[in-house]
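So the structure is just underneath, and the comments pick up after that.
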Amino acid sequence: MRHCVLLTLLLSVLSASAVQAAPAQQSFTDWQVTCNNQNFCIARNTAEQGGLVMTLSRSAGAKTDATLRIELGGLASPAPTEPPIAPRLRLDNAPLALKAAHWQLTPWRLATDDTATINAFLKTIQEGQTLALSGGTQRASLDGLKAAMLFIDAQQKRVGSETAWIKKGDDPPLSVPPAPALKKVAVVNPTPTPLMHDELNDLLDYGTWRMNNSQCSLDPNRREVRVTALTDDKALLIISCEAGAYNTVDLAWLVSRKKPFAARPVRLRLPFTPSSEGGEMELMNAGFDEKNRELTTLALGRGLGDCGIQTRWRFDGQRFRLVRYAEEPTCDNWHGPDAWPTLWITR
């Protein structure tokens, strides 16, 4: 009987690992949670409250891989005269002491990956209202933290297990499904033959013709044509079409490298549907990363660059496939594009 139960449990875990996790991003009052296609979840408090931010992250599966950080900063670093935050930390106006043995303490950053320490800290603060620093105006709202923790438990299917943060139960850690297998998008033709001088000029002339025959509102003096060798027989053509204060909408084509040129538009189709987008993305501030052989986009929510959507795409021989999607919906001066939470990753 015992072997039967173990076999059933193992089969359920294996079948769960074969299913791709659905990316999710949701806000709970002053907290925001993002879980990607690996069921890796990250949550933080939002809103501009002096640059004090607590970040909580957790990987999927039976292992209790979690990290907790409390940081002071944002896009701009704290003033050099800003005193260390650990001795000033308060929970609802009461001092909040940390056991230094289980924390990595630097002047403006407190971090731990110790499971027992994280669980005890969360239990202490989850019913509170505010983390703050004595002698300063910085604060981190805890309104929504508990709901964010429950959301992570539910997304990772921990509810009812010993590893849950909120609704614990008697189910063993192995009842929690592992992270799905990480999808791979291989690089096709990683070192294509470089464009020869005449080949490049012919493609640029073709791109100029394309640009002049496209319905674009961008001032002709600001339009730009870019050509990149994508494979030995295909080139990537990008032209700038529309522009706002900090975003440029581009158009792109896959073009044969030999005359007569044959071209088809580049379509960026998402393998999931984020709350802020449809199934297809615009080429916003598009570029091509020669080192990684990836098409990149960056849609800024505002000029500061603290919110928006950043994506990376790899050509598979037929079309561009998504390899990374990061989105920061909250414009609160906390971090730049490379640190935005991911909803989709590949290898």
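Atom CG of L295 sits about 7.5 Å away from atom CZ of F288, to the nearest 0.5 Å. For the atom pair M54 CE and L110 CG, the distance stands at 11.0 Å (nearest 0.5 Å).
Heavy atoms only, all atoms of each residue included: G336 and L75 are closest at N-CD2, 3.6 Å. In this structure, V266 and L268 approach most closely via the heavy-atom pair CG1-CD2, 3.9 Å. Closest non-hydrogen pair, S240 versus T248, comes out as CB-CG2, 3.8 Å.
For R158, there are no salt bridge (Lys or Arg N to Asp or Glu O under 4.0 Å) partners, not counting sequence neighbours. Residues meeting the side chain to side chain contact (heavy atoms under 4.5 Å, CB included) test with S214, sequence neighbours left out: C216, I239, L251, W253. Under the ring pair (Phe, Tyr, Trp, His ring centres under 6.0 Å) criterion, Y206 pairs with W209, F261, not counting sequence neighbours. Every salt bridge (Lys or Arg N to Asp or Glu O under 4.0 Å) that K259 has, sequence neighbours left out, goes to D202. Under the salt bridge (Lys or Arg N to Asp or Glu O under 4.0 Å) criterion, R302 pairs with E48, D306, not counting sequence neighbours.
Applying the side-chain hydrogen bond (donor to acceptor under 3.5 Å, both in side chains) rule to pairs touching residues 84-101 yields E82-R88, sequence neighbours excluded.
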* Between W31 and F151, is a ring-ring contact (aromatic ring centres under 6.0 Å, His included) present by the stated rule, with each step listed? -> CA-CA 11 Å; W31 276 74; F151 182 84; over 10 Å; no
Task: Test side chain to side chain donor-acceptor pair (under 3.5 Å) applied to T64 and T115, step by step - done: CA-CA 7 Å; T64 53; T115 299; 3.0 Å; yes
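The cluster map of Ile, Leu, Val, Met, Phe, Trp and Tyr, joined by side-chain heavy atoms under 4.5 Å apart, puts L230 and V255 in different clusters.
For R139 and D30, the salt-bridge test fails: no basic side-chain N is under 4.0 Å from an acidic carboxylate O.
Checked by atom type and distance alone, the side chain of R312 never pairs as donor or acceptor with a backbone atom of I345 at under 3.5 Å.
Between the side chains of S27 and Q32, no donor N or O sits under 3.5 Å from an acceptor N or O.
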